[in-house]
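Below is one structure, written out as structure tokens; the observations come after it.
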Amino acid sequence: MMRFLVGDPEVVAIEAELEEPIDPGRWFGHFRLVVQGEGIGDWDDLAMVRGIVAWWESFVAEPVERWEHRLDGLSPEEAFDVVYDDVFGDDADVTLGAFGRYHINRLGMSAFDEVTLILFEPPGDEQWLLWRVQRGDPETWVVRHAVLPRGALQKVGAEFVAAVSDAVRSTGIPTDGTEPRSE
């Protein structure tokens with residue numbers, strides 16, 4: 001078993017733990033983001049860490065525009081509601097592309113099943129990471145947010161991918177030829 005903590009937990013970090021692989025290329029373990037000291041994600045979930053690494057590789061390598069003018073002047077919570085409704089609301093419109101641009105739940109795969117995680121990158125030098133744990137009575141669901149330095153999530157993602165890649169290569173974890181790319 002290997003444990004990882006990359007980044008600064010008081011800003012943004014990724015914590016993961018790899019279990020012994022079931023078979024080549026299928027690495028399971030535990031995963032969560034740590035944002036300003038708060039863990040986000042279900043640590044008890046046994047997630048497919050190889051898939052998580054692949055999503056982080058894409059997130060880091062393929063930047064997308066995460067802001068649009070209709071969000072100008074909105075608070076982080078108001079922007080969350082607009083983009084959430086674009087995907088899951090009664091009048092959802094998939095042609096807006098909001099899911100692929102803003103919703104980043106895939107970065108944690110099943111560890112984020114009960115979390116809606118949205119990333120905004122407004123003009124300037126900030127990122128807004130917003131999340132809502134969707135457990136229990138919907139009336140109690142609260143949107144939380146953290147203002148991060150621009151690129152902070154991508155930076156910690158690149159560090160996570162590198163750490164897992166190095167660990168896989170150095171420990172001889174069996175792979176199916178799809179081990180993480182090295183930078």
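If you're wondering where the values come from, they're calculated on a predicted model, not measured in any experiment.
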- Task: Assess whether side-chain contact (heavy atoms from CB on, under 4.5 Å) is satisfied between V147 and W128, documenting all intermediate values.
- Result: CA-CA 5 Å; V147 177; W128 297 351; 4.1 Å; yes
- Query: Roughly how far, to the nearest 0.5 Å, is CD1 of I104 from CG of L119?
  - Reply: 4.5 Å
- Query: Under the 3.5 angstrom rule, does the side chain of H30 hit a backbone N or O of E17 as a donor-acceptor pair?
  - Reply: no
- Do V64 and F59 belong together in a cluster built from hydrophobic side chains that touch within less than 4.5 Å? no
- Task: Using the salt bridge (Lys or Arg N to Asp or Glu O under 4.0 Å) rule, collect all pairs that involve residues 149-160, keeping only residues at least two apart or in two chains.
- Result: K155-E159
- Item | E65: side-chain contact (heavy atoms from CB on, under 4.5 Å) partners, not counting sequence neighbours | W67, R101
- Query: What distance do F4 atom CZ and D166 atom CG have between them, rounded to the nearest 0.5 Å?
  - Reply: 9.0 Å
- Message: Applying side-chain contact (heavy atoms from CB on, under 4.5 Å), can you list everything that pairs with A13, at least two apart in sequence or on another chain?
- Response: L5, P9, V34
- Message: Counting C-beta onward and ignoring hydrogens, is there a side-chain heavy-atom pair between W131 and E38 closer than 4.5 Å?
- Response: yes
- Query: Would W43 and L46 show up in the same hydrophobic cluster when neighbours are defined by side-chain heavy atoms closer than 4.5 Å?
  - Reply: no
- Task: Keeping to residues at least two apart or across chains, list the salt bridge (Lys or Arg N to Asp or Glu O under 4.0 Å) pairs with something in residues 126-139.
- Result: E114-R135
- Query: Taking it one step at a time, do V82 and L74 satisfy side-chain contact (heavy atoms from CB on, under 4.5 Å)?
  - Reply: CA-CA 10 Å; V82 166; L74 298 180; 4.0 Å; yes
- Item | Rounded distance (nearest 0.5 Å) linking atom CD of E57 with atom CG of L107 | 12.0 Å
- Take the angle between the ring planes of Y84 and F80 and call it parallel below 30°, perpendicular above 60°, tilted in between. parallel
- Sorted by chain and number, sequence neighbours left out, side-chain contact (heavy atoms from CB on, under 4.5 Å) with Q36 holds for A146
- Over all heavy atoms of both residues, which pair between I14 and G157 is shortest? Give the atoms and the distance, please. CD1-CA, 4.0 Å
- Message: How long is the straight-line distance from CG of D42 back to CZ of F112, given to the nearest 0.5 Å?
- Response: 10.5 Å
- Message: Enumerate the side-chain hydrogen bond (donor to acceptor under 3.5 Å, both in side chains) contacts for residues 103-113, please, sequence neighbours excluded, ordered by first and then second residue.
- Response: D45-S110
- Task: Would you check if the distance from the ring center of F31 to the ring center of F160 is below 6.0 Å?
- Result: yes
